[in-house]
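Notes to accompany the following structure.
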Amino acid sequence: MLLKGRTWRFGDDIDTDAIIPARYLNTTDPEELAGHCMEDADRDFVKKINSGDIIVAGKNFGCGSSREHAPIAIKAAGISCVIAKSFARIFFRNSFNMGLPILECAEASEEIKEGDEVEIDLGKGEIRDLTGGKTFFARPVPPFMQSLVEAGGLMEWVKRAR
Amino acid sequence: MAMTITEKILAAHTGRDEVSPGELIQADVDIALGNDITAPIAINEFRKAGAKKVFDRDKIALIPDHFTPNKDIKSAEHSKVLRDFAREHRITNYFEDGEVGVEHALLPEQGIVLPGDLIIGADSHTCTYGALGAFSTGVGSTDLAAAMITGKAWFKVPETIKFIFSGKLNKWVSGKDLILFTIGKIGVDGALYRSMEFSGETIENLSMESRLALCNMAIEAGAKNGIIVPDDVTRAYVEKRAKRPFKFYKSDEDAGYTDIIEFDTKTIEPQVAFPHLPENTRNISDVGDISIDQVVIGSCTNGRMEDLRVAAGILKGNKVAPYVRLIIIPATPAIYRAAMEEGLFKIFLDSKAIISPPTCGPCLGGHMGILAAGERAVSTTNRNFVGRMGHPESEVYLSNPAVAAASAVKGRIASPEEVMTR
Ligand code: SF4
């Protein structure tokens with residue numbers, strides 16, 4: 001699976017309240033959530049981005065609550081992938097369970113600049129910075145989690161397993 | 001093979017003699033928990049998957065605590081999704097307003113979660129129940145949906161960091177301060193993906209309420225779970241509550257840890273975490289002059305009887321400072337009643353505090369005490385992220401209930417000593 005888009009950079013410890021503030025958790029509608037994506041980290045984020053764009057962040061992205069609204073909001077806003085130095089663990093499993101691709105890669109997190117054109121080969125974990133002219137390799141996704149992604153998320157996997 | 005308590009519980013629920021860190025396992029779940037924010041998504045997924053029956057109606061807990069009593073039409077509709085589902089599937093552990101309390105205070109109190117259990121909750125602070133010697137961890141709504149159907153969840157067996165606390169606690173220091181201190185030392189990702197095992201003589205002498213507050217914030221260090229090997233304190237707490245058998249596990253002497261970190265409590269003062277991360281901790285004596293607009297005493301961290309008693313001890317005979325609001329939220333109806341019967345309500349009301357019904361309320365910026373731009377709060381809750389309690393330009397300082405109560409009286413962040421020695 002190939003993804004391509006421009007990057008938006010965020011720092012360390014971006015928490016779920018920044019990704020989708022709790023004041024909007026009285027809805028589960030992806031479109032409505034998408035409208036507030038990253039609002040408390042960058043007020044104009046949703047207005048600026050294009051479909052397919054990529055978030056590049058520092059360590060511990062998605063720390064805080066277990067709200068699945070966070071990966072839902074990011075995915076529904078049109079972000080195709082999040083690259084970070086590390087992810088908070090519940091955000092990590094939620095993203096796989098929802099089918100939002102995320103990649104852990106310290107070098108990419110440090111070296112990719114905002115606005116770079118980036119192409120990602122998910123199967124290989126290959127991140128190509130077309131603007132910066134460099135290629136990075138993310139930590140491989142364990143086979144079980146690949147099977148989750150292949151099935152289209154945890155619920156599809158459960159349906160097949162039953 | 002030598003194992004930690006976490007590994008033993010995971011192995012037992014996978015039907016194996018042993019598991020080791022890094023392994024992916026599918027384990028049986030004793031309790032699967034959801035609340036009024038996370039369960040509606042899970043119920044929707046449950047229906048979309050075409051499921052007709054839950055795996056076990058006794059092993060699911062649906063707790064409408066976040067926006068209840070419902071703050072608006074949308075949240076009322078979410079609560080209704082829980083209620084309708086609970087009725088349709090005759091879910092044993094559903095609590096209606098009037099019986100409901102903050103989930104992580106309610107489940108231990110009602111004996112729904114027990115030592116040796118494997119618990120998942122679609123709420124990050126599910127790690128609280130580690131205080132009972134259970135493996136419990138926060139997951140997403142989709143994990144909850146899958147567990148409600150299959151009774152199973154997938155995990156990567158975590159590595160464990162062992163924390164050993166020694167020494168007697170200084171005055172006004174509680175479990176909350178131990179965990180804030182620890183997060184201040186290791187950072188908000190200091191235990192990422194890993195298990196935090198708390199041990200040592202300090203922990204052995206800690207009350208169950210303080211242990212619950214301690215394990216509650218393991219997630220604030222990025223941990224998968226926090227856990228304390230059960231002992232007599234645990235037994236005394238669960239024996240009168242349990243309605244089913246439970247099991248005590250303990251770590252082997254030679255179990256493998258990725259790290260062993262020792263703290264002497266001699267130097268640990270009451271802690272205050274500054275905005276906007278729980279790791280920004282300072283000793284109370286290093287806080288300086290910070291004026292405040294609101295104080296919240298409550299939540300799954302510090303809304304229990306011990307917390308309310310400590311606060312009452314400081315508020316007795318004192319008044320909340322002018323232009324400051326003090327909101328006290330007993331975490332469950334049983335705590336609410338006990339506080340009333342013990343005469344704490346009179347002390348609270350005399351001091352000009354507001355007593356809220358049990359709810360998460362302002363902890364997550366939901367309702368019942370939202371901050372305006374530029375306002376500052378001292379709160380006994382567990383998160384001080386940007387906008388956590390209201391406007392993105394408001395600030396939250398985390399503390400224990402004694403510091404919170406003293407701060408309400410002084411109108412600035414204050415040490416309990418300042419109020420108690422006049
Ligand atoms: S009291 Fe706060 S932290 Fe605890 S469950 Fe409620 S919202 Fe979450």
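Throughout, protein chains are lettered first and strands after them, A, B, ... in sequence-line order, and every chain is numbered starting at 1.
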Name the region of B:E393, side chain, backbone, both or neither, that has any atom closer than 4.5 Å to a heavy atom of chain A.
-> neither

Enter the distance from B:N35:CG to A:S66:OG here, rounded to the nearest 0.5 Å.
-> 7.0 Å

Residue, of B:G387, B:A146, B:G365, that accumulates the most heavy atom pairs under 4.5 Å with chain A | B:A146

Which portion of B:L277 sits near chain A, non-hydrogen atoms under 4.5 angstrom | side chain

Who passes salt bridge (Lys or Arg N to Asp or Glu O under 4.0 Å) against B:D143, sequence neighbours left out?
-> A:R93

Flag the pair A:T28 / B:N44 as yes when at least one side-chain heavy-atom distance between them is below 4.5 Å, and no otherwise.
-> no

Would you indicate whether the side-chain heavy atoms of B:K74 and A:E32 approach each other to under 4.5 Å?
-> yes

Would you check if there is a donor-acceptor pair between the side chains of B:R383 and A:S65 at a distance under 3.5 Å?
-> no

Distance in Å, B:H391 NE2 paired with A:R23 CZ, rounded so as to fall on 0.5 Å steps | 7.5 Å

Interatomic distance, CD1@A:I72 vs CD1@B:I41, rounded to 0.5 Å, equals 4.5 Å

Given the options B:T126, B:T38, B:I73, B:T137, which has more heavy-atom pairs under 4.5 Å with chain A than any of the others?
-> B:T137

Going from NE2 on B:H276 to CG on A:D15, what distance comes out if it is rounded to the nearest 0.5 angstrom?
-> 10.0 Å

Relative to chain A, which segment of B:K48 carries a heavy atom at a distance below 4.5 Å: side chain, backbone, both, or neither?
-> backbone

Nearest 0.5 Å, what's the OG1-CH2 distance between B:T142 and A:W157?
-> 14.0 Å

Sidechain-backbone polar pair: A:N94 side chain, B:G140 backbone, donor-acceptor under 3.5 Å = yes

Minimum side-chain heavy-atom gap B:F385-A:D40 below 4.5 Å | no

